[in-house]
Peer 1: 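Before I ask anything, let me first share the structure, which is written out below as structure tokens.
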Amino acid sequence: MVTRDELIQKAIDIRKRAYVPYSEFPVGAAVLTKSGEVYEGVNIENAAYPTSCCAERVAIFKAVADGHYDFETLAVTADTDRPVPPCGSCRQVMSEFFDSDTVIHTTNAKGQIKSMTMEELLPFSFTPEDLNK
Ligand code: THU
């Protein structure tokens, strides 16, 4: 199982692959499955701007497409003044797959790390359980 710092390093390393011709704001993410595999993601933008996808979702979607639905943790990094806050859409996607006590590591190029639980990132989120009548 990779350590927190190894997972963060994978997010830092993959960031160079971001496809960001519009924002020029590369983001890297790495998600660790409960079975110990790491999937990396970068933000992928599009000339039709709203169809772009964030690094966190690319990492999670790659893992899900490979058959992983249970996750230990996720790391995300960008060159921001504070550890990069995941956007609202990514928080909602994380809440689909992450337990409320799953810890997410947000980081930046300065090496700052802010670790938050899923519940802290997105309290009172709509989850699959809410669909159970
Ligand atoms: N972005 C991410 O990939 N993850 C985040 O946590 C914040 C924002 C991307 C979306 C867009 O490609 C660029 O950063 C600027 O918003």
Side-chain angles (χ1 to χ4, degrees):
M1 198 67 85
V2 302
T3 65
R4 178 200 70 166
D5 289 349
E6 287 168 344
L7 192 71
I8 290 171
Q9 191 58 49
K10 285 178 184 290
I12 292 168
D13 292 344
I14 198 71
R15 187 169 158 256
K16 63 178 174 297
R17 300 239 185 95
Y19 178 76
V20 289
Y22 309 106
S23 72
E24 298 181 357
F25 182 79
V27 182
V31 67
L32 175 63
T33 69
K34 292 245 182 197
S35 53
E37 277 139 296
V38 174
Y39 286 84
E40 293 135 329
V42 293
N43 48 338
I44 302 171
E45 299 182 343
N46 191 281
Y49 298 165
T51 59
S52 303
C53 194
C54 292
E56 299 93 313
R57 274 178 284 160
V58 169
I60 293 168
F61 291 161
K62 278 172 69 178
V64 171
D66 248 1
H68 300 280
Y69 306 96
D70 300 308
F71 300 100
E72 278 293 324
T73 181
L74 177 145
V76 57
T77 192
D79 190 7
T80 37
D81 285 340
R82 57 181 182 170
V84 61
C87 82
S89 296
C90 287
R91 292 179 198 213
Q92 182 62 34
V93 168
M94 289 177 197
S95 80
E96 179 78 16
F97 297 106
F98 295 0
D99 295 332
S100 58
D101 59 356
T102 297
V103 176
I104 290 105
H105 305 293
T106 71
T107 67
N108 63 9
K110 297 176 189 164
Q112 295 173 321
I113 301 170
K114 184 174 174 67
S115 300
M116 300 178 72
T117 65
M118 192 63 241
E119 179 63 23
E120 288 169 331
L121 270 177
L122 190 61
F124 195 57
S125 65
F126 187 76
T127 67
E129 289 71 42
D130 293 305
L131 291 173
N132 297 330
K133 297 195 196 75

Peer 1: Enter the distance from Ser95:OG to Leu121:CG here, rounded to the nearest 0.5 Å.
Peer 2: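 Reported value, rounded in 0.5 Å steps: 10.0 Å.
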
Peer 1: At their closest point, which heavy atom of Glu72 faces which heavy atom of Thr33, and how far apart are they?
Peer 2: CG-O, 3.9 Å

Peer 1: Tell me whether Lys34 at atom NZ has more than 12 heavy atoms from other residues, nucleotides or ligands lying less than 6.0 Å away.
Peer 2: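 Yes, the 6.0 Å shell around NZ holds more than 12 heavy atoms from other groups.
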
Peer 1: Listed by chain and number, what are the ring pair (Phe, Tyr, Trp, His ring centres under 6.0 Å) partners of Phe124, not counting sequence neighbours?
Peer 2: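 So Phe124 forms no ring pair (Phe, Tyr, Trp, His ring centres under 6.0 Å) with any residue.
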
Peer 1: Over 60° means perpendicular and under 30° means parallel, so tell me whether Tyr39 and His68 are parallel, tilted or perpendicular.
Peer 2: tilted

Peer 1: Please give me the minimum heavy-atom distance between Asn46 and Ala48, naming the atom from each residue.
Peer 2: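 Result for this residue pair: OD1-N, 2.8 Å.
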
Peer 1: Under a single-linkage definition using a 4.5 Å side-chain heavy-atom cutoff for Ile, Leu, Val, Met, Phe, Trp and Tyr, are Tyr69 and Val31 assigned to the same hydrophobic cluster?
Peer 2: yes

Peer 1: Please answer: with hydrophobic residues joined when any side-chain heavy atoms are less than 4.5 Å apart, are Ile113 and Leu32 in the same cluster?
Peer 2: no

Peer 1: Do you know which of Thr106, Ile104, Asn108 makes side chain to side chain contact (heavy atoms under 4.5 Å, CB included) with Lys114?
Peer 2: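 Looking at Thr106, Ile104, Asn108, the match for Lys114 under the side chain to side chain contact (heavy atoms under 4.5 Å, CB included) is Thr106.
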
Peer 1: Out of curiosity, Thr73 OG1 to Leu7 CG, how far, rounded to the nearest 0.5 Å?
Peer 2: 6.0 Å

Peer 1: Are the side chain of Ser100 and the backbone of Met118 linked by a donor-acceptor contact shorter than 3.5 Å?
Peer 2: no

Peer 1: List the atom of Ala78, the atom of Arg15, and the distance in Å for their closest heavy-atom pair.
Peer 2: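 Looking at all heavy atoms of both residues, the closest pair is CA-NE, 3.7 Å.
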
Peer 1: Indicate yes or no: at least one non-hydrogen side-chain atom of Phe97 is less than 4.5 angstrom from one of Thr102.
Peer 2: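 They are not in contact (no side-chain heavy atoms under 4.5 Å apart), so the answer is no.
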
Peer 1: I need the minimum non-hydrogen distance between Cys54 and Cys87, along with the two atoms involved.
Peer 2: SG-SG, 3.8 Å

Peer 1: Assess the side chains of Thr127 and Glu129: does a donor N or O sit below 3.5 Å from an acceptor N or O?
Peer 2: yes

Peer 1: Going only through I, L, V, M, F, W and Y residues with side-chain contacts under 4.5 Å, is there a path from Val20 to Val84?
Peer 2: no

Peer 1: Scan residues 77-91 for pairs that pass side-chain hydrogen bond (donor to acceptor under 3.5 Å, both in side chains), counting only residues two or more places apart or in two chains.
Peer 2: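 As it turns out, the side-chain hydrogen bond (donor to acceptor under 3.5 Å, both in side chains) pairs with a partner in residues 77-91, which skip direct neighbours, are Thr77-Thr107.
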
Peer 1: Once you round to the nearest 0.5 Å, how far does CE of Met1 lie from OG of Ser35?
Peer 2: 7.5 Å

Peer 1: Decide whether Asp5 and Gln9 meet the rule of one side-chain donor and one side-chain acceptor closer than 3.5 Å.
Peer 2: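 Not at all, the side chains of Asp5 and Gln9 share no donor-acceptor pair under 3.5 Å.
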
Peer 1: Could you report the tightest heavy-atom contact between Val42 and Val58, atom names first, then the distance?
Peer 2: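 For Val42 and Val58, the tightest heavy-atom pair comes out as O-CG2, 3.4 Å.
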
Peer 1: Nearest 0.5 Å please: distance from the CG atom of Leu122 over to the CZ atom of Phe98.
Peer 2: 12.0 Å

Peer 1: When you group the ILVMFWY residues by side-chain heavy-atom contacts below 4.5 Å and let the links chain together, are Ile44 and Phe61 in the same group?
Peer 2: no

Peer 1: Between the side chain of Glu40 and the main-chain N/O of Ile14, is any donor-acceptor distance below 3.5 Å?
Peer 2: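 Checked: no pair found.
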
Peer 1: Which heavy-atom pair separates Glu45 from Ser52 by the least distance, and what is that distance?
Peer 2: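 What the structure gives for the nearest pair is CA-OG, 3.2 Å.
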
Peer 1: Please confirm whether the backbone N or O of Asp101 pairs with a side-chain atom of Asp99, one donor and one acceptor, at under 3.5 Å?
Peer 2: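 Judged by distance alone, no pair lies under 3.5 Å.
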
Peer 1: Give a yes or no on whether the backbone of Phe25 and the side-chain of Asn43 come within a donor-acceptor separation of less than 3.5 Å.
Peer 2: yes

Peer 1: With rounding to the nearest 0.5 angstrom, report the CE to CZ distance, Met94 to Arg57.
Peer 2: 9.5 Å

